[in-house]
Amino acid sequence: MLDIKLIRENPQGVQELLNRRTPLTETGGYDLQPLLELDRQQRELEQARSQLQARSNEIGAMIGQKIKGGSKPDAPEILALKEEGNEIKTKLSELEPGEKELIARREELLLALPNLPAGDTPIGRNETENVERRRWGDEYLPPNSDKILPHWEIGEKLGIINVEKAVKVAQARFVALMGAGAALERALISFMLDRQIAAGYLEVMPPVLINSTSLRGTGQLPKFAEESFKCGEDDLWLAPTAEVPVTNLYRDEILAAEDLPIYHCAYTPCFRREAGSYGKDTRGLIRLHQFNKVELVKFVTPETSAAEHEALVGNAEAILQALQLPYRVLELCTGDLGFGAQKCYDLEVWLPSSGKYREISSCSNFGDFQARRANIRFKEKGKKGTQFVHTLNGSGLAVGRTMAAILENYQQPDGTVRVPEVLQPYLGRSVL
RNA sequence: GGAGAGGUGGCCGAGUGGUUGAAGGCGCAGCACUGGAAAUGCUGUUUGGGGGUAACUUCAACGAGGGUUCGAAUCCCUCCCUCUCCGCCA
């Protein structure tokens, strides 16, 4: 959520940054004018209301004092005050619903606004204008990539990925991992967690059924309801990413400045409806309704968040490097930036069967956008008031896509797959 | 699912209609005492909105939302959550 004060004080500046995401036109974009108008009306009403309220409080105190001083409750001067109190109450009851309505509508508009891109986020219209920052691991690109099978075919041949059975059990876009496939998934999860724990992250295992307040806190609601699975009987949703439960661990808390930064890593299954992506990536492990992910989440002070962001990307990259998987780092342009992000790097791993880099991690700095929604603050000793923390998160990494990358990049001519060296202790074997 | 108890400030915990934003304690900060510290004493210590350059001022908040009243943490209604016991269960 954006700061209404910032919008009020610098509407042109905010509008300009929002236009970098989607230009404001007659047909689209983000128009601040209705919000500013609501805000103006609301403050006007608030002033009128609180003046009346002040007088009402005064009357209450006066009556109290008189009665304490020995006046009878039905003395004329008290009856006169009560009369005035009643008049004020009538006026207040006329003002209050209007103000509440204005506040609710302002909140609604505010919740629908995305975060402002950071000043140095490259400007662009869509994913074609993302900027490649670096590549890593060219020396590990597999030779004769034209002979490499897509991971789902290899998985099927090895008997470690079974789609048919999963579709029977659930529906399309689910897979069942069998034998070494399940073991590899588990090994990857353990490996990733161990590395991130060693890098200073505290492991958590949060609920993956989460309430709507939590989803609103991180920005998935109200705008992206159709992307998550909802449990109809309860106010519970299946977590689309561990970002939601882990960030919300600290919702409505005031942290001590010396507790920051807080680093968490979490393995969770993730559930996404993938609405609107019906034709895409219909095969394999790339786009599923259920997948595993190790997530990194940071809570930091505003001054450190940019540096913490770079470090977090480095923590995600370290996994790809340890697995010797070639990848590149993209910085998302303003037109492709996620709703809550002010700056975002995507890591894309090389998938030789399709000759493409595919997203395997997305590392975002949310600034205080989520903290404002989820009310996560910190207090510095000796300083008055509180500040919002900055939240950051990134995948470290998406496990299924990592498995896909391994199956393809580590394929051998005889149809077997080498196990990356760092995983061998976890799996107890060197070939699949 | 059945029965009961309860939700107050960073924490514990008083408070059943009238300066109660809230006693007391703990914690924390400052000052005093000390060679230094401990102990002790004194003082201070919630958050959010509005107005104001500021000093300051005003409103709101005792789980949430309604209601009664001139006035509600205190009374009434609805909802949510937590805890205990029983049942069920990995």
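For the numbers below, each heavy atom of this structure counts, side chains included, while hydrogens, waters and symmetry mates do not. First the proteins, then the strands, lettered A, B, ... as listed; each starts at 1.
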Please list, one pair per line, the donor and acceptor atoms closer than 3.5 Å that link side chains of residues 100-109 of chain A to other protein atoms, with sequence neighbours excluded.
from, atom 1, to, atom 2, distance (Å)
A:R106, NH1, A:D39, OD1, 2.9
A:R106, NH1, A:Q42, OE1, 3.0

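- The ring pair (Phe, Tyr, Trp, His ring centres under 6.0 Å) pairs that include a residue from residues 154-181 of chain A are A:F174-A:H289, where partners are two or more places apart or lie in different chains.
- If you check residues 245-257 of chain A against RNA chain B, you find no residue with a heavy atom closer than 4.0 Å.
- The closest side-chain donor-acceptor pair between A:Y426 and A:D194 falls under 3.5 angstrom.
- For the segment residues 1-13 of chain A, residues with any heavy atom less than 4.0 angstrom from an atom of RNA chain B are, sorted by number, A:K5, A:R8.
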Check the interface with nucleotides 58-60 of chain B: list each N/O to N/O pair with the protein under 3.5 Å, or write none.
from, atom 1, to, atom 2, distance (Å)
B:C59, OP1, A:N57, ND2, 3.3
B:C59, O2', A:R49, NH2, 2.7
B:A60, OP2, A:N57, ND2, 3.3

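- Neither side chain, A:Q324 nor A:E421, offers a donor N or O lying under 3.5 Å from an acceptor on the other.
- B:U16 and B:U69: their C1' atoms are spaced 15 Å apart (whole Å).
- Minimum atom distance to the side chain of A:T386 is reached by B:G48, of the listed B:C70, B:G51, B:G48.
- For the pair A:Q42 and A:G64, both in contact range of RNA chain B, the more 5′-proximal nearest nucleotide belongs to A:G64.
- In this structure, A:E253 and A:L249 approach most closely via the heavy-atom pair OE2-O, 3.4 Å.
- Tested against A:V244 for a side chain to side chain contact (heavy atoms under 4.5 Å, CB included), the candidates A:L215, A:V208, A:N211 yield a single pass: A:L215.
- Taking the P atoms as reference points, B:A23 lies 48 Å from B:C88, given to the whole Å.
- Taking only side-chain nitrogens and oxygens, A:R43 never comes nearer than 4.0 Å to OP1 or OP2 of B:G49.
- Contact annotation: the side chain of A:K343 approaches that of A:D120 to within less than 4.5 Å [non-hydrogen atoms, C-beta and beyond].
- A heavy-atom distance below 4.5 Å is found between the side chains of A:R272 and A:F291.
- Applying the 4.0 Å criterion to OP1 and OP2 of B:U47, one finds that A:K379 has a side-chain N or O inside that range.
- With hydrogens and angles left out, the side-chain atoms of A:Q196 and A:Y263 include no donor and acceptor closer than 3.5 Å.
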Restricting to nitrogen or oxygen on both sides, can you table the protein-nucleotides 71-73 of chain B pairs closer than 3.5 Å?
from, atom 1, to, atom 2, distance (Å)
B:G71, OP2, A:K89, NZ, 3.4

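- A donor-acceptor pair shorter than 3.5 Å can be found between the side chains of A:Y327 and A:Q321.
- Under the side chain to side chain contact (heavy atoms under 4.5 Å, CB included) test applied with A:Q370, the options A:R251, A:E243, A:M1 reduce to a single match, A:E243.
- The only member of A:I262, A:N375, A:V297, A:V389 that meets side chain to side chain contact (heavy atoms under 4.5 Å, CB included) when paired with A:Y250 is A:I262.
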